[in-house]
2 protein chains.
Amino acid sequence: MTTTPRRPTRQQAAVAELLERCNDFTSAQTVHARLREAGEGVGLATVYRALQAMVEAGTVDVLRTDEGEAVYRACSTHHHHHLVCRACGRTVEVEGPAVEAWTDRIAAEHGFSDVTHTLEIFGTCGDCAP
Amino acid sequence: MTTTPRRPTRQQAAVAELLERCNDFTSAQTVHARLREAGEGVGLATVYRALQAMVEAGTVDVLRTDEGEAVYRACSTHHHHHLVCRACGRTVEVEGPAVEAWTDRIAAEHGFSDVTHTLEIFGTCGDCAP
DNA sequence: CTCGAAATGAGAATCGTTGTCAAAAAGGCG
DNA sequence: CGCCTTTTTGACAACGATTCTCATTTCGAG
Ligand SMILES: [Zn+2]
Ligand SMILES: [Zn+2]
Ligand SMILES: [Zn+2]
Ligand SMILES: [Zn+2]
């Protein structure tokens, strides 16, 4: 399954750069609005297409909020998970080999193959604590 | 945090019973369609309200598909996670104290409090394997 | 039974996301 | 640089899931 390369454009670069300057998970709508504010107008459909391409390319992580909205973030490429402050949105990347091993073992025990998983941790960060 | 009790009705019972007869995660739209087929007409908005109430009451689990659709399932009440076949939807409840401990520890190390997490495992079950 | 509160349902409204398609831009080539 | 083919873009429509509205129905305490 070779991922078809994409022809580079100003719009894709703008989306990628904005996402790298944002440190938190950001929705497509927000990316679109920020680009518009910055004068770098990019069509909404194009923002969606750029984000999807980056997700498929593995340069961006995507997850769903509880409300079902997709949010995106430029991430390091190795497998990891996120610790997200539910007050301010601050995000920390975390890894845990033990968890990886556990999910694979549990799945194998039940006869499942081709296993993937999602794991997100939510809490209140030190700055936002009461 | 006292959960306000809900006045019992035929419609809520119908939703609850249908969900218990379904063994897999089911969308609100599907619940609505099945009830209609069965002659037990229930309004779509009411299906949504019943499902939300059950989620808040803790008698039903909800998770989001990759497409962002909310799917519901009657579940045992203790904390657990799901191993879901991405081909046929078969679902197994799993638990892992080690994972619970790990998420809490990681969060604490980063100064986060009031911690929760989501963890879902996806794979291909034995019956659906090639 | 009577009355006020809560739940329902039909449809409209909202919102994120995807599809459409003509116009614009990229890249290879002479 | 121009020419041509292919890809990308963007304004807007279409879509599907969910929520809102509000008149009507149902609940259940008294
Ligand atoms: Zn915070
Ligand atoms: Zn992992
Ligand atoms: Zn299966
Ligand atoms: Zn857990």
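First the proteins, then the strands, lettered A, B, ... as listed; each starts at 1.
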Enumerate, atom names and distances included, each donor-acceptor pair closer than 3.5 Å involving a side-chain atom of residues 12-22 of chain A, sequence neighbours excluded.
unit_1, atom_1, unit_2, atom_2, d
A:Gln12, NE2, A:Arg7, O, 3.0
A:Gln12, NE2, A:Thr9, OG1, 3.4

Between atom CG in A:Leu44 and atom P in C:dT20, what is the gap in whole Å?
-> 17 Å
Look for any protein N or O under 3.5 Å of an N or O in nucleotides 20-28 of chain D and output each such pair with its distance, or none.
unit_1, atom_1, unit_2, atom_2, d
D:dC27, O2, B:Arg7, NH1, 2.9

Rounded to the nearest angstrom, tell me the gap between atom NE2 in B:His32 and atom P in D:dG16.
-> 16 Å
Side-chain H-bond candidate by donor/acceptor type, A:Thr26 with A:Arg34, under 3.5 Å = no
Rounding to a whole Å, what distance do you find between A:Gln52:CD and C:dT18:C1'?
-> 8 Å
Taking atom C1' of D:dT9 as reference, at what distance in whole Å does atom OH of A:Tyr48 sit?
-> 16 Å
Before accepting this row, confirm whether a basic side-chain N of the pair A:Glu56/A:Arg6 lies closer than 4.0 Å to the acidic partner's carboxylate O.
-> no
Taking atom CZ of A:Arg90 and atom CG of A:Asp127, what is their separation to the nearest 0.5 Å?
-> 5.5 Å
On DNA chain D, nearest-nucleotide positions of B:Ala70 versus A:Gln12: which is more 5'?
-> A:Gln12
In whole angstroms, the gap separating C1' of C:dT8 from CD of B:Glu40 amounts to 15 Å
Base, sugar-phosphate, or nothing: which does A:Gln29 touch, judged by heavy atoms less than 4.0 Å apart?
-> base
Starting at atom CG of A:Leu51, determine the distance to atom C1' of D:dG10, rounded to an integer number of angstrom.
-> 16 Å
Who are the side chain to side chain donor-acceptor pair (under 3.5 Å) partners of A:His110, not counting sequence neighbours?
-> none
Using modelled atom types only, decide if a donor and an acceptor are shared between the side chain of B:Arg64 and the backbone of A:Asp66 within a distance under 3.5 Å.
-> yes
In whole angstroms, how far is the P atom of D:dA17 from the CD atom of A:Glu69?
-> 18 Å
Using atom CD of A:Gln11 as one end and atom C1' of D:dA11 as the other, report the distance to the nearest whole Å.
-> 14 Å
For B:Glu67, which contact category applies under a 4.0 Å heavy-atom criterion: base, sugar-phosphate, or nothing?
-> nothing
Are the side chain of B:His81 and the backbone N or O of B:Leu119 linked by a donor-acceptor pair below 3.5 Å?
-> yes
